[in-house]
Amino acid sequence: MTIQHRTVDIEAAAKLWRDDLSASQIAKRFGVSRNVIVGLAFRNRGLFPWRGDAGKKTRAPGQAKIARPRKLAPELKREPEIPATAYDAERLQSAKLLHHLTARECCWPLNTGGPYLFCAAETTGRYCRNHHARSLPKNEGKA
């Protein structure tokens with residue numbers, strides 16, 4: 001017996017559903033797949049009452065899981081502050097905002113706090129010679 005999507009068949013499947021038969025058991029009686037019955041139940045929710053979490057596995061009563069303590073995030077190190085120089089004060093006269101810089105201008109920030117101003121000296125790389133030298137780590141006491 002195959003299920004037709006007729007009211008008679010849907011009501012028959014709904015009666016079996018209310019009698020606590022599983023979707024697989026109902027499907028075997030009609031000779032269809034379980035998904036056909038689940039689809040019918042989904043489309044006709046008024047005829048197929050919700051069963052709650054009856055089919056889901058539940059944990060046996062007992063001690064609840066204890067949450068593992070979280071690892072604390074490593075403390076971030078602050079970047080060393082690079083003090084301003086006389087060169088920076090001189091360059092402040094011709095400084096530009098970031099969106100005004102071109103590809104061949106130094107992008108070293110000259111101030112802290114907005115609006116940020118950048119060196120804008122002519123260069124072949126990212127920074128002018130002065131700021132490039134300041135950007136490299138100092139090799140103090142290393143041979």
Side-chain angles (χ1 to χ4, degrees), residues 1-92 95-121 123-143:
M1 162 180 185
T2 61
I3 194 165
Q4 303 291 321
H5 292 280
R6 298 180 304 185
T7 307
V8 176
D9 290 337
I10 293 171
E11 287 174 356
K15 182 184 180 318
L16 294 172
W17 181 273
R18 285 190 299 272
D19 292 340
D20 282 336
L21 266 69
S22 69
S24 298
Q25 292 168 333
I26 298 169
K28 280 183 185 175
R29 290 199 179 183
F30 284 100
V32 294
S33 72
R34 175 188 166 276
N35 286 340
V36 170
I37 302 302
V38 172
L40 278 176
F42 182 77
R43 286 187 297 276
N44 299 289
R45 291 186 186 134
L47 297 173
F48 293 80
W50 185 65
R51 293 181 177 174
D53 295 331
K56 292 187 178 180
K57 294 180 182 177
T58 58
R59 281 188 344 125
Q63 191 175 10
K65 280 189 175 179
I66 299 172
R68 289 184 284 154
R70 292 185 178 189
K71 294 179 183 177
L72 297 176
E75 198 168 314
L76 298 176
K77 297 177 185 173
R78 294 194 71 178
E79 289 287 326
E81 193 137 334
I82 301 173
T85 63
Y87 179 80
D88 291 342
E90 182 183 312
R91 291 299 311 157
L92 207 51
K96 293 182 178 180
L97 295 170
L98 183 63
H99 61 276
H100 290 272
L101 290 177
T102 62
R104 298 291 179 186
E105 291 178 324
C106 176
C107 59
W108 184 274
L110 295 176
N111 62 342
T112 57
Y116 293 103
L117 298 173
F118 296 86
C119 175
T123 182
T124 56
R126 187 174 176 146
Y127 300 125
C128 61
R129 283 186 183 177
N130 182 294
H131 290 130
H132 180 72
R134 287 175 61 193
S135 69
L136 300 175
K138 291 187 172 77
N139 292 333
E140 294 176 9
K142 294 184 181 176

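Nothing fancy with the numbering, it's 1 onward along the sequence. Worth knowing before you read on, the calculation uses all heavy atoms, side chains too, and leaves out hydrogens, waters and symmetry mates. Just so we're clear, the structure is a prediction, and the values are computed from it rather than from any experiment.
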Nearest 0.5 Å please: distance from the [atom1] atom of [X] over to the [atom2] atom of [Y].
X	Y	atom1	atom2	answer
L21	L16	CG	CG	5.5 Å
C106	R129	SG	CZ	13.0 Å
N35	L40	CG	CG	11.0 Å
W17	L47	CH2	CG	12.0 Å
K96	T102	NZ	OG1	5.5 Å
E11	N44	CD	CG	9.5 Å

Min side-chain heavy-atom separation [X]-[Y] under 4.5 Å:
X	Y	value
W108	R91	no
I10	R43	no
Y116	L97	no
C119	Y127	no

If you look at every heavy atom in [X] and [Y], which pair is closest and at what distance?
X	Y	answer
E105	T123	C-CG2, 3.7 Å
R134	T85	NH1-OG1, 3.3 Å
L101	A120	CD2-CB, 3.6 Å
V38	A23	CG2-CB, 3.9 Å
I26	A13	CD1-O, 3.9 Å

Hey, is CZ on R34 packed in by over 12 heavy atoms from elsewhere, all under 6.0 Å? no
Could you check E90 against N130 for side chain to side chain contact (heavy atoms under 4.5 Å, CB included), going step by step and ending with a plain yes or no? CA-CA 12 Å; E90 182 183 312; N130 182 294; over 6 Å; no
For the residue pair Y87 and H131, does the interplanar ring angle fall in the parallel (under 30°), tilted (30 to 60°) or perpendicular (over 60°) class? perpendicular
Here's one to test your reading of the geometry: is the NZ or CZ of R45 within 45 degrees of the ring axis of F42 and under 6.0 Å from its centre? yes
